[in-house]
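Just so you know, these numbers come straight off a predicted model, no measurement behind them.
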2 protein chains.
Amino acid sequence: MTTVPTPPWRKSPRPMKPQLSQALIVETGLRILDAEGLDALSMRRVAQELETGPASLYAHVSNKEELLDLIYDVVLGEIRLPELDPDDWRPQLRAYALEAHRVLTRHNDISKTALAGVPTGPNALRVGEYMMRLLISAGMPPLDASFSVDRLSLYIAGDAYEGSQHFAKMRAQGLDDPEAYIQGFVGQIRDYYQSLPRDQFPTITAHIAELTDPDGEARFEYGLDLILEGMAARMK
Amino acid sequence: MTTVPTPPWRKSPRPMKPQLSQALIVETGLRILDAEGLDALSMRRVAQELETGPASLYAHVSNKEELLDLIYDVVLGEIRLPELDPDDWRPQLRAYALEAHRVLTRHNDISKTALAGVPTGPNALRVGEYMMRLLISAGMPPLDASFSVDRLSLYIAGDAYEGSQHFAKMRAQGLDDPEAYIQGFVGQIRDYYQSLPRDQFPTITAHIAELTDPDGEARFEYGLDLILEGMAARMK
DNA sequence: ACCTGAACACCGTTCAAGT
DNA sequence: ACCTGAACACCGTTCAAGT
């Protein structure tokens, strides 16, 4: 970049465009993700937002997958970890899971990235270190702790991704009231179940209300508690 | 289609191309999925395989999402369900999970489709009915059974998808020895962990062997048993 | 009703050329 | 070293036109 001579009334040169950098690209990608979801987050779109061509990005990021990994780690950075207290591992791990799930859910369908590959960024290490330390200091054997952390992480990301898909579909249909969309969706499933032959599907047709409970957060916590229960059985 | 007069030595007219139909499209899509994975399964590719243009498919399938849902349900059709025995719900549900996981894993990254939307095809109903019946007849309250089935299904599909990603990446790199690829991948992670500052990540660096256990099947079964343990606590 | 060619509005990535 | 324009090899879907 040619250095423009600084006029005396300015402290520093002001370039028309902010200089391209990995951090700026990641930040721009995150903004698109938050506003419009993973489907809208293309290399070309990021470039457009930065008023340049897509090829320019490849000087700072080796491909789209790396960009997504970088964005994912920035998101993980939002997870707050409480002081570690091994005497109370269960409520603490539960609180971690809820916090992580909340953070992932805030950023649309970014969790897909966690499912696509093992996250290894600095913030992935930070939360991994925390969970491992909590379980081992509470008395869990290291191999159990390793597997437990891995499975819990998969569950959190899996549920966050599944949950985000409803919003993605809503966006694709051009709607924007999540409450109404979920109600409509659940209603459709209910009608479909009601139309099924009762002799072939006796159990489903007998429990339609239970099968179409729309509370996604309750479902997440239910599965979380199943896993925590299993972990408790392997503790000490 | 113009009917060609049948020569007397043939029982039926033999068209040059097999007639297009939804079943044929689904079958072709499944073949591509099995051979080259979800990334290779495009509408254009299916059309090419059927020696027609992509637009022709839209007479039998409303969009790509519907095609994937149809393929997914065909895959679920491969899951064999044993005679139901409510006195032994735990080993039975465990066997179901292993069978479902094995079937999904056989078909590359198709599990992504289950994560993307609630499967509602005939075979999804069939396995759902089975699991619900097993748990309820074993004494679980219907709402618990509904949540349990939902969470277990998410876990199975989530793990199958995550596991399939290794193969997808292997394919993308043009390699074809899964054993060697996993070994190489695990080795890289191990080296990376080894390079971390011990004071910042004491727990991770102290348990590298446990954290890089390459046995994906053991991890799946470990998480499955965590969930089954939790379900046992909610039984009766 | 079913099928088609052509087009529209996109993708990720590469590469030679510029500064 | 960083940035660019242009190109390559793809996408899913629509639509008017054909049979």
Side-chain angles (χ1 to χ4, degrees), chain A residues 1-5 13 15-26 28-29 32-33 36-71 109 112-113 116-117 165 168-169 171-174, chain B residues 1-5 13 15-26 28-29 32-33 36-71 109 112-113 116-117 165 168-169 171-174:
Chain A
M1 179 174 284
T2 42
T3 312
V4 179
M16 295 305 294
K17 290 197 244 172
Q19 218 203 329
L20 219 50
S21 70
Q22 190 179 82
L24 190 58
I25 290 168
V26 169
T28 306
I32 296 169
L33 167 73
E36 302 172 56
L38 224 39
D39 282 346
L41 173 40
S42 66
M43 297 299 275
R44 295 179 110 100
R45 176 68 190 282
V46 171
Q48 189 196 91
E49 216 91 353
L50 292 167
E51 288 174 282
T52 182
S56 305
L57 306 179
Y58 288 82
H60 301 93
V61 130
S62 58
N63 51 39
K64 190 183 180 182
E65 198 195 320
E66 183 178 300
L67 174 55
L68 291 178
D69 287 345
L70 289 166
I71 292 173
D109 37 7
K112 188 184 180 180
T113 307
Q165 292 306 97
K169 280 180 187 166
R171 243 193 329 266
Q173 285 172 39
Chain B
M1 178 172 287
T2 41
T3 310
V4 180
M16 295 305 292
K17 291 196 246 173
Q19 219 205 327
L20 218 49
S21 70
Q22 189 179 81
L24 190 57
I25 291 168
V26 169
T28 306
I32 296 169
L33 167 73
E36 301 172 54
L38 223 38
D39 282 346
L41 173 40
S42 66
M43 298 298 275
R44 295 177 110 101
R45 175 67 189 282
V46 171
Q48 189 195 92
E49 216 90 354
L50 291 168
E51 288 173 285
T52 182
S56 305
L57 306 179
Y58 288 81
H60 301 94
V61 130
S62 56
N63 50 38
K64 192 184 178 181
E65 199 194 319
E66 183 179 300
L67 174 55
L68 291 178
D69 287 345
L70 290 167
I71 292 173
D109 38 7
K112 189 184 180 179
T113 307
Q165 291 307 96
K169 279 179 188 169
R171 243 194 329 266
Q173 286 173 37

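Taking the C1' atoms as reference points, C:dC2 lies 13 Å from D:dA17, given to the whole Å. The C1' atoms of C:dA7 and D:dC11 are separated by 14 Å, rounded to the nearest whole Å.
Near-neighbour residues of DNA chain D inside residues 54-65 of chain B, defined by a heavy atom below 4.0 Å, number-ordered: B:Pro54, B:Ala55, B:Tyr58, B:Asn63, B:Lys64.
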A correct dot-bracket answer for DNA chain C, with pairs being Watson-Crick or G-U at under 3.5 Å, [ ] for crossing pairs and | for inter-strand pairs, is ||.|||||...|||||.||
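Among residues two or more places apart in sequence or in another chain, the salt bridge (charged side-chain N to carboxylate O under 4.0 Å, His left out) test is passed with B:Arg45 by B:Glu36, B:Glu49. When the salt bridge (charged side-chain N to carboxylate O under 4.0 Å, His left out) test is applied to B:Arg171, no partner is found at least two apart in sequence or on another chain. Scanning for side-chain contact (heavy atoms from CB on, under 4.5 Å) contacts around B:Asp69 gives B:Glu65, B:Thr113, with sequence neighbours left out.
Residues A:Leu33 and A:Leu68 are not in side-chain contact: their nearest non-hydrogen atoms beyond the backbone lie 4.5 Å or more apart. In this structure, A:Ile25 and A:Leu70 have side chains that are not in contact, with every pair of non-hydrogen atoms separated by 4.5 Å or more.
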Would you tabulate the nitrogen or oxygen pairs shorter than 3.5 Å linking the protein to nucleotides 8-10 of chain C?
none

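For the atom pair CD (A:Gln19) and CG (A:Leu24), the distance works out to 9.5 Å, reported to the nearest 0.5 Å.
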Table please: side-chain donor-acceptor pairs of residues 53-62 of chain A below 3.5 Å, with sequence neighbours left out.
unit_1	atom_1	unit_2	atom_2	d
A:Ser56	OG	A:Thr52	OG1	2.9
A:Ser56	OG	A:Gly53	O	3.4
A:Ser62	OG	A:Glu66	OE1	2.6

